[in-house]
Amino acid sequence: MTDVVATNQTILVVGGGISGMTTALEAAECGKDVILIEKNPSLGGRVSQLYKYFPKMCYPTCGMEINLRRIKANKKVRVMTMTEVTNVAGDTGNYTVNLKVSPRYVNENCTSCGACGEAVDSEFDDEYNYGLKKRKGAYLPFFMAYPQRYVVDSRIKGTADADKAKAACQYDAINLNMSEENLTLNVGAIVWATGWKPFDANKIQPYGYDRIPNVITSVEFERMMAPYGPTGGKILRPSDNKEAKDIAFIQCAGSRDRNYLKHCSRICCTASLKQTTYVREKYGDEGKSSIYYIDIRAIDRFEDLYHKAKADETVHFIKSKVANITQDKATGNPILHGVNTEGYHRYSNPHDLVVLAIGMEPSVDFNKLGVKMTVNEHGFIENDPSSGMFGAGVATDALDVNRAVQSATASALRAIQVVNKVAATEGG
Ligand SMILES: Cc1cc2nc3c(=O)[nH]c(=O)nc-3n(C[C@H](O)[C@H](O)[C@H](O)COP(=O)(O)OP(=O)(O)OC[C@H]3O[C@@H](n4cnc5c(N)ncnc54)[C@H](O)[C@@H]3O)c2cc1C
């Protein structure tokens with residue numbers, strides 16, 4: 001890692017999701033030197049955790065494959081995973097950045113044969129699957145992970161399991177002597193493509209996410225649908241592993257609410273509409289989706305999904321902000337209570353499974369990180385054209401993939417302009 005070379009002509013991109021990969025590629029394909037850092041052991045971000053993504057309903061593997069091919073082919077991009085920024089000093093065109101690189105304990109000899117994973121006994125919550133399943137103490141983050149290299153969980157270091165993993169490796173790929181590295185780089189511009197985290201559903205007490213097993217979140221539902229996900233693509237109720245066919249989707253779960261998340265994440269309605277197509281795909285006419293909503297926000301061409309759902313007899317729309325959820329102890333069914341504002345009648349509706357459409361929050365708190373960035377009241381970056389640090393993708397606003405990519409391309413251009421100006425000044 002110590003061979004990382006950077007100058008004031010280098011662009012640092014923080015975050016290896018779709019936005020960070022786009023910014024890095026656009027800048028590198030214009031001939032700029034780029035360092036792309038990602039805190040997780042793999043690139044891909046949250047799009048890689050979706051089952052399919054609208055508007056075309058592609059599998060994320062498809063877009064990821066194209067971007068990875070471009071990254072592998074471009075020597076101008078240096079990818080560093082398990083890496084985070086700890087400090088930024090300096091100014092436009094001349095930043096000094098401190099990075100912390102956490103040890104993977106696995107080197108480039110790894111062929112991802114899986115022998116180390118099979119050898120260890122310890123298991124931990126699988127972050128990639130939002131804790132819906134366990135993974136081994138030596139693991140590949142997901143099947144398309146890049147780099148395609150295992151990770152030894154630091155929690156098994158010093159245990160018999162770590163020795164078992166090392167002994168099982170035929171390629172001398174496990175190095176338990178790796179340790180945290182700290183680097184200082186000089187770069188000209190920085191693009192923060194640090195994305196989002198799901199709003200913590202535990203905070204929405206009336207919806208019982210913390211106590212009713214069959215209340216899950218929209219991001220968990222995406223993993224459930226994934227063929228390589230925790231349920232092998234089946235919609236199973238966490239309480240009893242029975243197939244759920246009657247599913248309620250609650251819009252604005254915590255969003256547009258001064259008690260939780262004030263902003264509208266824009267994506268949640270379309271994401272739930274998309275998820276009703278998953279239910280149809282799975283069960284045909286046998287499934288039932290009920291959308292509880294305040295108003296449906298499906299912008300421009302995403303409105304097609306709304307019309308499609310409205311035309312589907314298995315999809316029902318209930319105009320209501322759900323007041324609270326209780327559980328039928330005998331069946332494990334969550335029961336939704338509220339008032340249908342079309343007709344003003346009270347309901348107590350049981351369903352097999354409830355999916356909370358939770359909002360997107362910025363994943364980085366710049367105040368806590370001690371980095372001077374202008375953010376709005378919701379914590380999203382407000383780009384300042386006079387600066388050398390920019391936001392890209394959902395770090396700047398709650399965006400869909402298409403808009404995130406547009407924002408990432410714009411930020412690549414801004415960063416290129418910064419380093420070009422430095423070169424022109426130094427040359428002149
Ligand atoms: C339930 C749900 C379903 C959705 N479905 C769709 C859909 O079908 N179609 C669609 O267009 N959009 C969809 N979206 C929105 C989509 O997920 C976002 O548009 C997309 O994730 C934006 O990508 P990003 O790269 O900006 O952020 P992210 O995907 O969050 O990527 C950010 C990356 O930065 C990394 N990172 C964070 N902090 C740091 C740090 N300090 N240092 C280094 N790395 C860091 C993260 O680990 C991550 O890899 C959905 C959203 C939700 C909630």
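Note that this is a predicted model, so its numbers are computed, not measured. We count ligands from 1, going down the list as the structure has it; atoms in each ligand are counted the same way.
Listed by number with element, the atoms of ligand 1 under 4.0 Å from a non-hydrogen atom of G17 are 25 (O), 31 (O), 33 (C), 49 (O). When each atom of ligand 1 is checked for a heavy atom of L50 under 4.0 Å away, the hits are 3 (C), 4 (C), 5 (N), 6 (C). Near L399, meaning under 4.0 Å from any of its heavy atoms, are these atoms of ligand 1: 15 (C), 18 (C), 19 (O). Residue N40 has at least one heavy-atom neighbour below 4.0 Å for each of these atoms of ligand 1: 47 (O). Close contacts of ligand 1 with T83, meaning ligand atoms under 4.0 Å from a residue heavy atom, involve 43 (C). Interface of A271 with ligand 1, defined as ligand atoms under 4.0 Å from a residue heavy atom, comprises 2 (C), 3 (C). Near G45, with a cut-off below 4.0 Å to any heavy atom, the atoms of ligand 1 are 29 (O), 31 (O), 48 (C), 49 (O). Applying the 4.0 Å criterion to heavy atoms of S363 picks out, from ligand 1, the atoms 37 (C), 38 (N).
In A193, the part holding a heavy atom less than 4.0 Å from any atom of ligand 1 is the backbone. When non-hydrogen atoms are compared, ligand 1 lies under 4.0 Å from the side chain of K274 (C-beta onward) but not from its backbone. Only the side chain of I267 comes within contact range of ligand 1, with a heavy atom under 4.0 Å; no backbone atom does. Both the backbone and the side chain of V401 come within 4.0 Å of ligand 1, judged by heavy-atom distances. With a 4.0 Å heavy-atom cut-off, ligand 1 is reached by no atom of L369. Residue contacts with ligand 1, taken as heavy atom pairs separated by less than 4.0 Å, involve S19 via backbone and side-chain atoms alike. By the criterion of a heavy-atom distance under 4.0 Å, the side chain of V364, and not its backbone, is placed next to ligand 1.
Centroid-to-centroid, the aromatic rings of F54 and F302 come within less than 6.0 Å. When ring centroids are compared, F317 and Y306 come within the 6.0 Å threshold. Ring centers of F221 and F249: under 6.0 Å apart, within the cut-off.
Salt-bridge formation is detected for the pair D240/R237: a Lys NZ or Arg NE/NH1/NH2 atom is positioned less than 4.0 Å from an Asp or Glu carboxylate oxygen. The existence of a salt bridge linking D384 and K372 is excluded, since no basic side-chain nitrogen approaches an acidic carboxylate oxygen closer than 4.0 Å. Between D295 and R256, at least one side-chain N (NZ, or NE/NH1/NH2) sits under 4.0 Å from a carboxylate O, which counts as a salt bridge. R266 has a carboxylate O that lies under 4.0 Å from a charged side-chain N of D397, or vice versa, which qualifies the two as a salt bridge. Note on R135 versus D153: salt bridge recorded, some NZ/NE/NH1/NH2 to OD/OE distance being below 4.0 Å. We find that D126 and K134 are not joined by a salt bridge, their nearest charged nitrogen and carboxylate oxygen being 4.0 Å or further apart. Salt bridge annotation for K282-E243: absent, with no cationic side-chain nitrogen under 4.0 angstrom from a carboxylate oxygen. Contact check on R46 versus E222 returns no salt bridge, with no Lys/Arg side-chain nitrogen under 4.0 Å from an Asp/Glu carboxylate oxygen.
The distance criterion of under 3.5 Å between nitrogen or oxygen atoms is not met by E222 with respect to ligand 1. Looking at ligand 1, you'll find an N or O of R46 within less than 3.5 Å of one of its N or O atoms. Geometrically, ligand 1 and N402 share no nitrogen or oxygen pair separated by less than 3.5 Å. The shortest N or O to N or O distance between F54 and ligand 1 is under 3.5 Å. The shortest N or O to N or O distance between V14 and ligand 1 is not under 3.5 Å. Below 3.5 Å of separation, one finds an N or O of W196 facing an N or O of ligand 1.
At a threshold of 4.5 Å between non-hydrogen side-chain atoms, the residues L273 and I291 count as touching.
Of the protein's non-hydrogen atoms, the one nearest atom 45 (C) of ligand 1 is K39 CG, 3.7 Å. The protein atom (non-hydrogen) at minimum distance from atom 20 (C) of ligand 1 is V47 CG2, 3.6 Å.
The residue from T194, V394, L356 that puts a heavy atom closest to atom 22 (C) of ligand 1 is V394.
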### Query
Under the side chain to side chain donor-acceptor pair (under 3.5 Å) criterion, do Y347 and S320 qualify, and how do the steps go?
CA-CA 10 Å; Y347 59 80; S320 170; 2.8 Å; yes
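When all heavy atoms are compared, the tightest approach of N8 to V422 is ND2-CG1, 3.5 Å.
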